[in-house]
Protein chains: 2
Amino acid sequence: MSSAPSTPSAVDRVVSQLRDDILGGRYRATDRLPSERELSEKLGVNRGAVREGLRTLAQLGIVEVGPGGAKACGIQQASLDIVAHLFDSDEVPDVAVVDQVMEVHAHLFSSCVRVAVLRGSDAQLARAREQLAALKDESLGALAHFDRLHEFVNTLVEASGNLVLQLIHRALALQFWQRLEASGEIPPPPLPDSVLAPLAQGLDEALAERDPQAAQGCFFDLVSAHREHAVRHLSSEQARNLRSQVSEHIGQLFRSAASTTLPTGRSR
Amino acid sequence: MSSAPSTPSAVDRVVSQLRDDILGGRYRATDRLPSERELSEKLGVNRGAVREGLRTLAQLGIVEVGPGGAKACGIQQASLDIVAHLFDSDEVPDVAVVDQVMEVHAHLFSSCVRVAVLRGSDAQLARAREQLAALKDESLGALAHFDRLHEFVNTLVEASGNLVLQLIHRALALQFWQRLEASGEIPPPPLPDSVLAPLAQGLDEALAERDPQAAQGCFFDLVSAHREHAVRHLSSEQARNLRSQVSEHIGQLFRSAASTTLPTGRSR
DNA sequence: CGCTAGTTTTGGTCTGACCAATTTGGTCTG
DNA sequence: CAGACCAAATTGGTCAGACCAAAACTAGCG
């Protein structure tokens, strides 16, 4: 059930197929991929559909179409939006990807919180505090919890008055919601209230007193807690399941770039 | 000369035309735009070209195609990549856009520098320091200067080992290079060496001593200096030129979100 | 071996057509 | 008159086949 379209459109098929092939490493960077005619035949769709698919992938930044043929590109040249595709082309989100997304999230939006405290209106901050309270109130599922966290951050982003920031937040947040909503099978990681409560309270106070420094620090810690928690959860999860071909290739790319990204409490 | 394609491809025409229309406010959010057939006739291109263009715009996040028709979307739901389009659809980069991009740049990549100092290898940091030295060495054009700054930051991003960060940097940096290279007419803002030198030196020392805190702070100041300088330059520039229809609409959107974004030293 | 000329391939564009789903407009009913 | 309802027009989605110019490839020449 869920969001499973019975008939993925032809161009969607092209996109996902080619996307997986590229992300999976079957086409390396600068590799020329088959001609449109060949692809249309191989995938059983019209050439027009192939063209639309290629254009989509080009916009995503993983292929480059031009006279003489289309060639694959490395992820380093891709659009930020590619991160979402790194998820839905795999079963279990790769730990390294999640970790890096949340690292950026922690750094960027803690700065955002600082700006929001400095520039935001009283109404906006009050609204943020309400959402923060709602966040720690109930012990509901991690899905709803993430949703509320997203709304909370969104309010702060709006309060910061920076549209670019908003775009990045949307792009980053999308990954998780899309991922979590799509896969109800994955046990959403719950967050221990014992660690959340004090952080949330500290942040609340900082917002109330309009203390930029404290707010920034608290928010950073809050996200970092989520990050560490998620990474730990996914690590065990990923160890259980075999990784798909996509994750295998991409994960390596991420890992080759990153040294030890987190002191992942390799518990036991 | 420069990057002026004598014959913009048909689909490019569709994309730029529709993009300007939407960004210019001729189509507001949730507005249904003309049917593909109508557009193909009106723009004098094939429907296939219109479809490819629409798909591109959909990927950019400013239109949403579906059964029954395609409708425009607000920029708040768009991809980060549209920021580039905000520039090349206008003559002079809007001050608010540049300001917000550089604000994000300052915040995010100063954090990045911190991480790079913590995690980067000696070789990477050494390379960064070289690029930093090359940066302040000569008094060359602002174009080359920006280019070197970009390379410097890129090295630090790589040192941070965060691919997501790299993607954002690429997306943000692209705006300026693309913009500056495309328009040789705009006098590139020079940067007074008197303000750059001390900041660069401080950053250099921080990198040498692997002092995360200092490096982060110095880098933030460095970018902020660029930011303030650019904003001041563009303000006077923009006051001189009449703004195009795009900037008028988009600029409002950015400004409505942002309060006074910078203490733009209204040095009268 | 390098360079050029000819051939093939490939992307870019166009015409015209069909289907399924939505939208739309009007009609009929309560 | 309001609302349910049904049929026609519209629209996106897909397909087939074709043409052109530019790139890529190849063979032949110097």
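Proteins come first, then strands; the chains are lettered A, B, ... in the order of their sequence lines, and each starts at number 1. As a basis for the values below, the full set of heavy atoms in this structure was taken, side chains included, without hydrogen atoms, waters or symmetry mates.
Put simply, the side chain of A/R127 reaches to within 4.5 Å of the side chain of A/E158, judged on heavy atoms. Two residues are said to be in side-chain contact when any heavy atoms from C-beta on lie closer than 4.5 Å; B/M102 and B/V231 fail this criterion.
Counting any heavy atom pair closer than 4.0 Å across all strands shown, A/G48 reaches no nucleic acid atom. Nucleic acid contact class of A/V65 (heavy atoms, under 4.0 Å, all strands): none. Nucleic acid contact class of A/G66 (heavy atoms, under 4.0 Å, all strands): sugar-phosphate only.
Considering CG of B/L80 and CG of B/L172, their distance stands at 6.0 Å, rounded to 0.5 Å. Rounding to the nearest 0.5 Å gives a distance of 4.5 Å between CZ of B/R227 and CD of B/E103. Separation of atoms CG (A/L86) and CZ (A/R19) is listed at 9.0 Å; rounding is to 0.5 Å.
Mapping A/G68 and B/G68 onto DNA chain D by nearest heavy atom places B/G68 at the nucleotide closer to the 5' end. Taking for each of B/R47 and B/E52 the nucleotide of DNA chain C with the nearest heavy atom, the 5'-most of the two is the partner of B/E52.
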Steps toward side-chain contact (heavy atoms from CB on, under 4.5 Å) verdict (A/V83, A/V97): CA-CA 8 Å; A/V83 184; A/V97 180; 4.0 Å; yes

Trace of the side-chain contact (heavy atoms from CB on, under 4.5 Å) decision for B/L135 with B/E151: CA-CA 10 Å; B/L135 189 66; B/E151 287 303 326; over 6 Å; no

Derivation and outcome, side-chain contact (heavy atoms from CB on, under 4.5 Å), residues B/L18 and B/L54: CA-CA 8 Å; B/L18 248 39; B/L54 283 178; 3.7 Å; yes

Stepwise side-chain contact (heavy atoms from CB on, under 4.5 Å) check, A/H169 with A/H105: CA-CA 8 Å; A/H169 177 235; A/H105 203 282; 3.8 Å; yes

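Near-neighbour residues of DNA chain C inside residues 29-43 of chain A, defined by a heavy atom below 4.0 Å, number-ordered: A/R32, A/S35, A/E36, A/R37. Near DNA chain D, meaning a heavy atom under 4.0 Å away, there are no residues from residues 10-18 of chain B.
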Name each donor-acceptor pair under 3.5 Å that joins a side chain in residues 55-70 of chain B to protein atoms two or more places apart or in another chain, with its distance.
residue, atom, partner, partner atom, Å
B/R55, NE, A/E52, OE1, 3.3
B/T56, OG1, B/E52, O, 3.0

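Of the possible polar contacts, one joining the B/N162 side chain to the A/Q100 backbone as a donor-acceptor pair under 3.5 Å is found.
The interatomic distance linking A/R51 (CZ) with C/dT10 (C1') rounds to 10 Å, in whole Å. Here C/dG11 presents its P atom at 14 Å from CG of A/L57, a figure rounded to the nearest Å.
Boundaries of the chain A contact region on DNA chain D are D/dT14 to D/dC25, first to last in 5' to 3' order (nucleotide atom under 4.0 Å from a heavy atom).
Annotation: side-chain hydrogen bond (donor to acceptor under 3.5 Å, both in side chains) contacts of A/Q131 (sequence neighbours excluded): A/T155.
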Strand DNA chain C in bracket notation, Watson-Crick/G-U under 3.5 Å with | for pairs to another chain: ||||||||||||||||||||||||||||||

